Amino acid sequence: MTGVPASAAGGSPSAKGAAGAPGVPGDSKPARGGKLGAAAVNQASLWNIANILTMIRLVLVPGFVALMLADGGYDPVWRAWAWAAFAVAMITDIFDGHLARTYDLVTDFGKIADPIADKAIMGSALICLSSLDDLPWWVTGVILGRELGVTLLRFVVIRYGVIPASRGGKLKTLAQGTAVGMYVLALTGGLATLRFWVMAVAVVLTVVTGLDYVRQAMVLRRSGIAARLAAAAEAER
């Protein structure tokens with residue numbers, strides 16, 4: 001009582017083959033438009049909430065720079081708007097990764113775009129602050145040098161394994177975001193003094209966690225080489 005005609009249910013093999021039924025010898029041609037359908041699914045998967053938040057953060061970068069440097073870069077109102085853009089970028093950074101991991105929305109695009117967006121917003125903020133003489137260039141150099149160095153280090157040792165994000169690294173990110181956000185605002189008095197010490201903590205965490213990543217990379221490389229040698233010795237027996 002399925003409503004399928006008897007001729008379709010018990011027809012000849014040739015009829016089934018013509019209809020493209022699975023399991024018929026010689027019928028290796030995929031359904032017309034199958035590749036296009038798969039591509040459409042893959043393309044649609046890019047437009048998930050995690051990737052959209054990452055894209056928003058990328059779009060915010062030029063907007064943040066324009067607001068930061070508007071009217072010479074020292075207008076408190078424009079700096080407040082710049083801070084708002086920076087804060088939104090930092091918030092999306094927290095949520096996009098969480099959403100991607102929680103709801104299985106991890107994509108190749110997200111893996112590449114997310115760290116680029118993170119470094120773009122932080123790097124643009126640091127460079128703007130140093131160009132306005134609000135932050136010493138050596139601080140910008142230390143933070144950006146550490147971020148680029150750790151990224152390169154991850155690629156160098158990726159053949160041996162992945163260096164996981166540590167609690168210290170997450171704390172460093174929080175300290176950097178807080179300190180840079182306070183410098184973006186036109187603060188004076190006690191708050192200006194406070195932001196100096198918050199930035200000092202961020203710089204210390206930046207250096208300490210950077211050295212810890214170097215240590216982890218060396219340990220990972222040694223263990224990876226030892227495992228390969230052991231596997232080669234076992235294969236020769």
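Throughout, numbering of the chain's residues begins at 1 and tracks the sequence. All of these numbers come straight from a predicted model, not from anything done at the bench.
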[X] side, atom [atom1]; [Y] side, atom [atom2] - distance, nearest 0.5 Å:
| X | Y | atom1 | atom2 | answer |
| --- | --- | --- | --- | --- |
| L129 | M68 | CG | CE | 4.0 Å |
| L220 | Y160 | CG | OH | 9.0 Å |
| M182 | L194 | CE | CG | 4.0 Å |
| L174 | L205 | CG | CG | 9.5 Å |

Contacts of type side-chain hydrogen bond (donor to acceptor under 3.5 Å, both in side chains), residue [X], not counting sequence neighbours:
| X | result |
| --- | --- |
| R167 | none |
| D93 | none |
| T209 | R146 |
| Y213 | R154 |

Hey, could you give me each pair passing salt bridge (charged side-chain N to carboxylate O under 4.0 Å, His left out) that has a residue in residues 117-126? Not counting sequence neighbours. R57-D118

With sequence neighbours excluded, give me every salt bridge (charged side-chain N to carboxylate O under 4.0 Å, His left out) pair touching residues 82-92.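 Output for this query is empty, none listed.
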
So, using side-chain contact (heavy atoms from CB on, under 4.5 Å) as the criterion, who are the partners of I116 when residues are at least two apart?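 Listed in chain order: L58, I112.
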
side-chain contact (heavy atoms from CB on, under 4.5 Å) partners of A120, counting only residues at least two apart: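 With neighbours one apart ignored, the set is V61.
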
Please list all pairs meeting side-chain hydrogen bond (donor to acceptor under 3.5 Å, both in side chains) that have one or both residues in [range], counting only residues at least two apart or in different chains.
| range | result |
| --- | --- |
| residues 182-206 | Q176-T206 |
| residues 124-142 | R79-D134, S130-T140 |
| residues 221-236 | E234-R237 |

For residues V184 and V201: do they belong to one hydrophobic cluster (side chain heavy atoms under 4.5 Å, members Ile, Leu, Val, Met, Phe, Trp, Tyr)?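 V184 and V201: separate clusters.
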
Going through the distances and angles, do L135 and V180 end up as a side-chain contact (heavy atoms from CB on, under 4.5 Å)? CA-CA 9 Å; L135 190 67; V180 171; 5.8 Å; no

So does Y74 have more than 12 non-hydrogen atoms from other groups sitting under 6.0 Å from OH? yes

Cluster membership besides W78, Ile/Leu/Val/Met/Phe/Trp/Tyr side chains within less than 4.5 angstrom, sorted by chain and number, is L67, V77, W81

